[in-house]
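Here is the structure we will look at.
Naming convention: chains lettered A, B, ... in sequence-line order (proteins, then strands); numbering from 1 in each chain. These numbers were taken from a predicted model, which means no experiment stands behind them.
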Amino acid sequence: MADGKQKENPYLAHLRPAQKDGVDPSSKEPLYGWIPRHVKGDAVRKAMNGEVNPFTKQPHSKQYKTILESRKKLPVFAQMDDFLKIFSDNQIIVMVGETGSGKTTQIPQFVAFSDLPHAKGKLVACTQPRRVAAMSVAKRVADEMDVQLGRQVGYSIRFEDMTEPGTTFLKYMTDGMLLREAMNDPNLERYSTIILDEAHERTLATDILMGLLKGVAKKRKDLKIIVMSATLDAVKFQKYFSIRSGVSAPLFKVPGRTHPVEVFYTQEPEPDYVEAAIRTVLMIHRAEDPGDVLLFLTGEEEIEDACRKIKLEADDLVNQDPESVGPLICIPLYSSLPPQQQQRIFDSAPGPRVPNGPPGRKIVVSTNVAETSLTIDGIVYVVDPGFSKQKVYNPRIRVESLLVSPISKASAQQRAGRAGRTRPGKCFRLYTEKDFMKELEEQTHPEILRSNLSNTVLELMKLGIKDLVSFDYVDAPAPETLMRALELLNYLAALDDEGNITPLGQMMADFPLDPQLAKMLIVSPEFKCSNEILTITAMLSVPNVWLRPNNQRREADAAKAKLSVPDGDHLTMVNVYNQYVTNKHDKNWTWTNYLSQRALQQAENVRAQLQRNMERFELELLSLSDEKKLFMNIRKALVSGFFMQIAHKEGDKGNYLTVKDNQVVALHPSCGLDSQPEWVLFNEFVLTTRPYIRTVSEVKSDWLIELAANYFDLTSFPDGETKQALKRAWAKRAGKDPSRGDGADRKSKKPKH
DNA sequence: GAGCACTGC
């Protein structure tokens, strides 16, 4: 801050007459005379090797030199000249850099040296799909550039903006964060260069950003774009980002630095992949050289189960043959595991059990977290059964579900690569080579093809993209998916009948929420319960707060029963949250009540953020003192957001039929309702052993026709119990005074339609 | 009478 030279503009420095004291200005001004985007490698290396930090004008620290030496060994460093040339010559570049190339840390620095964003008051952004990556890479790069994190180099993620306006010129951020910024600044004017890292992961946010940036690049010739990806996708991105038809975007390629991994296949398909996986792990333990093992399975239960079995069998082996079989530890890994237990993957393998006996081995049994988010050093063997849980979306019944599905070739390659990070490794694929070649898809389907897009469509609308169908997607979603999203947004009155975004829709897009939740929150002051709805919204935006340890299920269920409100799970959420806040002084409270401290803390964060959003729109936080009225209004507010997620009881076997989609469902066993009401509102449809609805509250038919008259229009219903029940509700309403209800409800009575 | 692939705003 105290740096008076901060205001000096190196961009213009070369235009000034030589300094009076006669000293060569370049010794004090390492960037003297540099012309942005026409910088050569020699100059950059000279500046990097100099005594003075060109960006802070402070002498370099001792550790700077040490770090610089290690940077010089990265494959990407050797190609600095080529990179700077291609960067100077092109607006859009596709870059391929395999694991260990150093692209994520080095390329943004090269760009900073060439682009000199600080001279123009602009920033270089580098997006990451994950928060931790944005944070840790920013920290590393700040060290490499010898600056304090949050000054010249910073990061920006939800809940944490570690940047200093006016000072920060290199910013790592999550892709979702950049997309949020785009909604208020569709041309992303603050940035001179935008780097999309890990583009091959094809997150929803990255996909939308690619489409958006392609358009912005045409309008803003001064904006440079770099798309960094894994090899297999490069050609697709090059074609997509061709500025003139037929001319692909240039490719910049950097080799990786990993060790070879030998891949083995099974001769025949394995009928039971879990059993085969366990067998393979034990085979490795008995027969292979020392080195840790990573086994990929699909979910928590499968993983815990496999760990138990591996441990049992390994103990048997050791007991039978202690001379030749070493000890083994088996560590489960999945994201819902508390961080402390996740740390166990970094424990080292056990030593030999007897002096000079065989060394021990560490087995990590993991979900896909170990494929992208977490790297475990020391893995030499990978066991890949070829499956993972993947999200699939069925637009016909508007349901997202998780399905165990075969992985893609790209994913299999990524998994195999995990064996070669420290030394040459082996990967055992539990499927045949023929299946690998013929059956596996090249790439995992991008998220945009597997998701409910109501949120995305609203975001695009807010970005000013009206014609969703002809938007330039890298991969266009199914028209039916877009139709479903438009339909929902129209029912919620976020879009008018012409498909234009309404003022309500604009407001909804500003909330980091699904449209239903945003709508419910925005209208909640009309129901005088915005305080409680804010809490519910926050609780619905974080992972499940209820813990249910395997060996204490009864105790956990009893604790939950004590906190439950019979009118519905949503009211229970309010109760739990309020109790959590009241009992904050008591460190053991969450523990003794079998609640997740982490999730509740997260809910508190989200609630605070949403409250700030509400304040911006002057939405008041209201509550009613009459509990009965409050409980009713909360559920009415729920209906105004979730009227498309209603189920009607059919018969007396506890079956429900979802409205319009006509799915036979049951209340989820975790549901806290003390009866089976005729009408229920649900937040989630889950398909497990059978179709369930989860997070459920009782609602009344009068509220449905009051608050969502269009949706519950009788003519749109087939004959059946649901229609009969609605008919009665309509008749009752017609018989009543038509001046309809109290003032609070009137505004949201009709979806503006 | 069940489960929670993984992210992100």
**Prompt:** Is there a side-chain contact between Arg130(A) and Glu201(A) (heavy atoms, below 4.5 Å)?
**Reply:** yes
Considering only heavy side-chain atoms of Tyr692(A), the closest of dC9(B), dG1(B), dC4(B) is dG1(B)
Testing dC9(B), dT7(B), dA5(B) for proximity to the side chain of Val369(A), the answer is dT7(B)
The side-chain hydrogen bond (donor to acceptor under 3.5 Å, both in side chains) partners of Asp197(A) (sequence neighbours excluded) come to Thr104(A), Gln128(A)
Among the nucleotides dC9(B), dT7(B), dA2(B), whichever has the atom closest to the side chain of Ser670(A) is dA2(B)
In numerical order, the residues of residues 302-311 of chain A whose heavy atoms come under 4.0 Å of DNA chain B are none
**Prompt:** So what does Thr367(A) hit on the nucleic acid, given a heavy-atom distance under 4.0 Å: a base, only sugar-phosphate, or nothing?
**Reply:** sugar-phosphate
Applied to residues 333-345 of chain A, the side-chain hydrogen bond (donor to acceptor under 3.5 Å, both in side chains) test, sequence neighbours excluded, yields Glu304(A)-Tyr334(A)
inquiry  = Taking donor-acceptor contacts at under 3.5 Å, does the side chain of Arg548(A) reach the base of dA2(B)?
reply    = yes
Of the candidates dC9(B), dG1(B), dC4(B), the side chain of Glu300(A) sits closest to dC4(B)
Scanning both residues in full, the closest heavy-atom pair of Arg415(A) with Gly386(A) reads NH1-N, 4.0 Å
Glu181(A) meets the salt bridge (charged side-chain N to carboxylate O under 4.0 Å, His left out) criterion, sequence neighbours left out, with Lys171(A), Arg190(A)
Picking from dA2(B), dT7(B), dC9(B), the nucleotide nearest the side-chain atoms of Arg130(A) would be dT7(B)
Ranking Ser373(A) and Glu459(A) by the position along DNA chain B of their nearest nucleotide, the one closer to 5' is Ser373(A)
With the side chain defined as heavy atoms from C-beta on, His668(A) is closest, among dA2(B), dC4(B), dC6(B), to dA2(B)
Closest of dA2(B), dA5(B), dG8(B) to the Thr174(A) side chain is dG8(B)
The answer to which of Pro512(A) and Leu333(A) contacts DNA chain B further toward the 5' end, by nearest nucleotide, is Leu333(A)
Contacts of Glu270(A) meeting side-chain hydrogen bond (donor to acceptor under 3.5 Å, both in side chains) (sequence neighbours excluded), chain-then-number -> Arg279(A)
Closest to the side chain of Leu402(A), out of dT7(B), dA5(B), dC9(B), is dA5(B)
Residues passing the salt bridge (charged side-chain N to carboxylate O under 4.0 Å, His left out) test with Lys214(A), sequence neighbours excluded, are Asp472(A)
